[in-house]
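Heads up, the thing below is written out as structure tokens.
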2 protein chains.
Amino acid sequence: MLQLTKRSEYALIALVHMVDREGEVTSVRELCERYPLPKRLVAEVLKDLSHAGLVISQRGAQGGYSLAQAAESITLGQIVGAIEGAPALTNCDSIASTRDGGCEVHPVCPIRSPVERVREHLWRLFEATTLRSLVPAPHANREAVIQRLRESLAGSPSA
Amino acid sequence: MLQLTKRSEYALIALVHMVDREGEVTSVRELCERYPLPKRLVAEVLKDLSHAGLVISQRGAQGGYSLAQAAESITLGQIVGAIEGAPALTNCDSIASTRDGGCEVHPVCPIRSPVERVREHLWRLFEATTLRSLVPAPHANREAVIQRLRESLAGSPSA
DNA sequence: CAATATAGCACCGATTCAGTGCTATATGCC
DNA sequence: GGCATATAGCACTGAATCGGTGCTATATTG
């Protein structure tokens, strides 16, 4: 349906949360207290991110997860690939590419279906999107705006 | 799973096929003789494209479908939207946007989840991708390369 | 009228996904 | 040491979506 799975969504929320707390550890409990997320599922997702080397896990009391890389070097492609598995794109796997690994007729490739080319475009976009670019604004600023919104929404029965 | 549905894939194949035959009508039978596609499903897809105004249908014998617009003005977003339905993106539909239709804190929008922003990026890419850009090469050229590939793969002639 | 081809609707089987249960293991703190 | 906390691993279930099909009606050509 051309949409990210909930798992990927939770992964993004968790990672964005961790960007605000680089250096600290973030537990699943902490995440689920802050956002309305199913605890067990988030745990499953974080585990996958750990396997993919995007976060570092620390077991035991006071344990949790922290970013394994800088937010600038983690791409959306890595994240989604870690959770949903890399899309079967790899490269042009049509008959033309079975020769020597490369696609010999690449310049005018007549075999590559439009779908493959779309997926390639999409994946390039994902690889070019860093985790950092998904973090809306500095933490303090965000909290301030959220607070302001809460007040205006609670106070005015209009709208 | 972050991939186009088969329906969208069939739509793209059909539309690309029609680009090569602008002005002519293309029937479902013609499409399924040329590509190994399930006839009934392709018919369903073409019907949806017709409803969306992307192709024009002509009923009865010698009938079929033809492009309703130039290949340059049909976007991938329109196609996928017609088949799978527009992703529930519309705009920032968070609490911040319920004020006057527009998102008042857009510049530093703290509510918009990372997922929404990803979908927005993705959709922009789709809106910017024209049907024309998905057609690999001029028709004659393509046929020639296909023929050459068939020969080299078969080893023996007369495939 | 017959053949062709789209229009419309509803249905089924398979796959994928969201979410949970249970148990094991590692760490910090008393 | 013992307990609480927190991740590791595995498997399972219910629900939603998707791929594909059956059947019938309607329009057009000859």
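These values consider heavy atoms only, across backbone and side chains, with no hydrogens, waters or symmetry-generated copies. Just so we're clear, the structure is a prediction, and the values are computed from it rather than from any experiment. Letters A, B, ... mirror the listed sequences (proteins, then strands); counts begin at 1.
- Spacing between atom CD of Gln3(B) and atom C1' of dC17(C) amounts to 13 Å, rounded to whole angstrom units.
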List the atom pairs, donor and acceptor, that lie under 3.5 Å between side-chain atoms in residues 68-78 of chain B and the rest of the protein, sequence neighbours left out.
unit_1	atom_1	unit_2	atom_2	d
Gln69(B)	OE1	Ser73(B)	OG	3.2
Glu72(B)	OE2	Arg132(B)	NE	2.6
Glu72(B)	OE2	Arg132(B)	NH2	3.1
Ser73(B)	OG	Ala70(B)	O	3.1
Thr75(B)	OG1	Gly77(B)	N	3.4
Thr75(B)	OG1	Gln78(B)	N	3.0
Thr75(B)	OG1	Glu127(B)	OE1	3.3
Gln78(B)	OE1	Thr75(B)	N	2.9

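- Atoms NZ (Lys39(B)) and P (dA7(C)) sit 14 Å apart, rounded to a whole Å.
- Taking a cutoff of 4.0 Å between a charged side-chain nitrogen and a carboxylate oxygen, Arg34(B) and Glu30(B) do not qualify as a salt bridge.
- For Glu84(B) (side chain) and Thr5(B) (main-chain N/O), a donor-acceptor pair under 3.5 Å exists by modelled atom type.
- Shown here are the side-chain contact (heavy atoms from CB on, under 4.5 Å) partners of Ala14(A), two or more places apart in sequence or in another chain: Met18(A), Leu31(A), Leu46(A).
- At a threshold of 4.5 Å between non-hydrogen side-chain atoms, the residues Leu131(A) and Leu67(A) count as touching.
- Between Ser57(B) and dA7(C), a side-chain N or O to OP1/OP2 separation shorter than 4.0 Å is present.
- Between the P atom of dT4(C) and the CD atom of Glu33(B) lies a distance of 12 Å, rounded to the nearest Å.
- Annotation: side chain of Val55(A) is in contact with side chain of Leu15(A) (closest heavy-atom distance under 4.5 Å).
- Note: Ile13(A) CD1 to Leu37(A) CG = 5.0 Å, rounded to the nearest 0.5 Å.
- Of the candidates dA6(D), dT7(D), dT21(D), the closest approach to any side-chain atom of Glu44(B) belongs to dT21(D).
- Residue contacts for Lys47(B): at a heavy-atom cut-off of 4.0 Å it reaches a base atom on one of the strands shown.
- You'll find that the side chain of Tyr65(B) is closest to dA7(C), out of dA18(C), dA7(C), dG20(D).
- For Ala52(B), the side-chain contact (heavy atoms from CB on, under 4.5 Å) partners are Leu54(B), Ala82(B), not counting sequence neighbours.
- The CG atom of Leu41(A) sits 18 Å away from the P atom of dA11(D) (whole-angstrom rounding).
- Look at CG on Leu2(A): it is 11 Å from P on dC18(D), rounded to the nearest Å.
- Using a 4.0 Å cut-off, some side-chain N or O of His51(B) falls inside it from OP1 or OP2 of dG8(C).
- Atom CD1 of Ile83(B) is separated from atom C1' of dC18(D) by 13 Å (rounded to the nearest Å).
- Listed by residue number, the members of residues 7-15 of chain A with any heavy atom below 4.0 angstrom from DNA chain C are Arg7(A), Tyr10(A).
- The distance between atom NZ of Lys6(A) and atom C1' of dT20(C), rounded to the nearest whole Å, is 17 Å.
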Atom pairs under 3.5 Å: protein N/O with N/O of nucleotides 26-30 of chain C:
unit_1	atom_1	unit_2	atom_2	d
dA26(C)	O4'	Arg59(A)	NE	3.4
dT27(C)	O4'	Arg59(A)	O	3.4
dT27(C)	O2	Ala61(A)	N	3.0

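- For Arg29(A) and dA6(D), the shortest distance from a side-chain N or O to OP1 or OP2 is below 4.0 Å.
- Atoms CG (Leu4(B)) and C1' (dT17(D)) sit 15 Å apart, rounded to a whole Å.
- By the side-chain contact (heavy atoms from CB on, under 4.5 Å) test, Ala128(A) pairs with no residue at all, sequence neighbours left out.
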